[in-house]
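In this chain, numbering begins with 1 at the start of the sequence shown. Here the structure is a predicted model, which means the values were calculated and not measured.
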Amino acid sequence: MLTIDLKELYLKQKELDEEIACIHHVTYKSTHHKRSLALLVEVGELANATRCFKYWSNKKSEPLVKVLDEFADGLHFFLSLGIDIGVSSYIVGYDDYHLDASEHFNLVYKLICNFIESGKEKDYKEAFKAFLSLIYPLNIDIEQVIVAYYLKLKENHNRQANNY
């Protein structure tokens, strides 16, 4: 299993979350369920961009830039929920589960739902690990995901500045 220290990303996410909270008069507590649902939706948008489950179609995946953008959206909500529950470590593992993409997405959904139900950090970490591990069946690397996160972070700050 590989690990990555996401401390800087958690800090950047906290800054964005605080900006949103100030502008929209919300708190982590008041938006917890909405952010949980948003995470599920964003994972679905990532799956949709990959088209990995569309056995009835000959169309290929969306371009890599779109897939990475959707991955970054999911990462934003994972980080935000981690801040919300007060994660004790910024080091997150990821590993090749040796699943095809569809099976892996199903696992991610299951683990996110486990976390939503329990609210426990161990379930959060397990779900986050599975999410980051999607890099393997999607044939992308963690550095591409981090770059995509920073690009989306900049876009999200711009959106807040422009009354999104």
Side-chain angles (χ1 to χ4, degrees), residues 1-6 8-10 12-17 19-20 24 31-84 92-117 123-164:
M1 179 174 72
L2 298 172
T3 60
I4 185 166
D5 186 341
L6 297 178
E8 184 177 330
L9 271 64
Y10 276 105
K12 295 295 184 186
Q13 186 64 44
K14 187 170 174 61
E15 290 172 6
L16 177 63
D17 289 351
E19 179 180 357
I20 291 168
H24 297 281
T31 60
H32 181 82
H33 293 293
K34 290 179 182 182
R35 281 180 292 109
S36 297
L37 177 58
L39 175 58
L40 290 167
V41 169
E42 295 301 345
V43 170
E45 289 181 4
L46 174 58
N48 199 46
T50 70
R51 303 182 56 83
C52 66
F53 62 94
K54 296 188 177 189
Y55 61 88
W56 60 88
S57 176
N58 291 321
K59 284 184 172 181
K60 301 288 184 202
S61 172
E62 295 284 338
L64 179 60
V65 67
K66 173 68 172 166
V67 171
L68 289 169
D69 184 67
E70 297 298 349
F71 210 121
D73 285 341
L75 183 54
H76 274 276
F77 285 103
F78 256 112
L79 293 167
S80 185
L81 285 163
I83 295 164
D84 182 12
V92 181
Y94 59 100
D95 202 359
D96 191 345
Y97 287 58
H98 303 287
L99 299 172
D100 73 20
S102 294
E103 292 171 314
H104 201 123
F105 273 107
N106 284 333
L107 175 64
V108 170
Y109 268 112
K110 175 186 172 196
L111 295 174
I112 290 171
C113 289
N114 289 349
F115 162 64
I116 290 170
E117 187 173 319
D123 292 327
Y124 166 82
K125 286 183 176 182
E126 195 173 341
F128 201 177
K129 175 186 172 192
F131 174 73
L132 288 179
S133 298
L134 278 165
I135 65 171
Y136 292 101
L138 300 182
N139 200 28
I140 56 181
D141 62 53
I142 201 73
E143 291 80 18
Q144 290 173 298
V145 172
I146 302 304
V147 168
Y149 173 84
Y150 280 112
L151 290 171
K152 194 61 175 249
L153 179 69
K154 182 178 179 182
E155 181 181 329
N156 287 336
H157 279 296
N158 288 337
R159 286 174 169 176
Q160 293 307 309
N162 292 302
N163 207 19
Y164 180 69

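If you take CG on Leu6 and CD1 on Ile146, they are separated by 5.5 Å, rounding to the nearest 0.5 Å. Distance CG/Leu79 to CG/Leu16: 10.5 Å, rounded to 0.5 Å. The CD atom of Glu70 lies 6.0 Å from the NZ atom of Lys152; values are rounded to the nearest 0.5 Å. The CG atom of Leu9 lies 6.0 Å from the CG atom of Leu75; values are rounded to the nearest 0.5 Å. The CG atom of Asn139 sits 12.5 Å away from atom CG of Leu134, with the distance rounded to the nearest 0.5 Å. From Leu37, atom CG reaches atom CD of Glu42 across 10.0 Å, with rounding to the nearest 0.5 Å.
Of all heavy-atom pairs spanning Asp96 and His98, the tightest one is OD1-N, 2.8 Å. Across every non-hydrogen atom of Asp100 and Pro137, the tightest pair is C-CB, 4.1 Å. When all heavy atoms are compared, the tightest approach of Val67 to Glu62 is CG2-O, 3.8 Å. Heavy atoms only, all atoms of each residue included: His104 and Ala130 are closest at NE2-O, 2.8 Å. The shortest heavy-atom contact between Ala49 and Lys66 is CB-CG, 4.3 Å. In plain terms, the two heavy atoms of Ala101 and Cys52 that are nearest each other are CB-CB, 3.6 Å.
Exactly one of Asn156, Leu81, Leu39 qualifies for a side-chain contact (heavy atoms from CB on, under 4.5 Å) with His76. That residue is Asn156. Test Tyr136, Phe71, Tyr94 against Phe131 for ring-ring contact (aromatic ring centres under 6.0 Å, His included) and you get one pass: Phe71.
Between Lys12 and Glu8 there is no salt bridge, since no side-chain N of the basic residue sits under 4.0 Å from a carboxylate O of the acidic one.
The backbone N or O of Tyr97 sits nowhere less than 3.5 Å from a side-chain atom of Asp95 that would complete a donor-acceptor pair. Judged by distance alone, the side chain of Tyr124 and the main-chain N or O of Phe78 form a donor-acceptor pair under 3.5 Å. Put simply, the side chain of Ser61 never gets that close to the backbone of Arg51: no donor and acceptor are under 3.5 Å apart.
With sequence neighbours left out, Lys129 forms a salt bridge (Lys or Arg N to Asp or Glu O under 4.0 Å) with no residue at all.
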Could you list the donor-acceptor pairs under 3.5 angstrom formed by side chains in residues 105-116, with sequence neighbours left out?
residue: Asn106; atom: ND2; partner: Ser102; partner atom: O; Å: 3.4
residue: Tyr109; atom: OH; partner: Leu40; partner atom: O; Å: 3.2
residue: Tyr109; atom: OH; partner: Gly44; partner atom: N; Å: 3.0

>> Between His24 and Thr31, does the side-chain contact (heavy atoms from CB on, under 4.5 Å) criterion hold? Intermediate values first, please.
In response: CA-CA 11 Å; His24 297 281; Thr31 60; over 6 Å; no

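Between Val145 and Leu68, the closest side-chain pair of non-hydrogen atoms falls below 4.5 Å.
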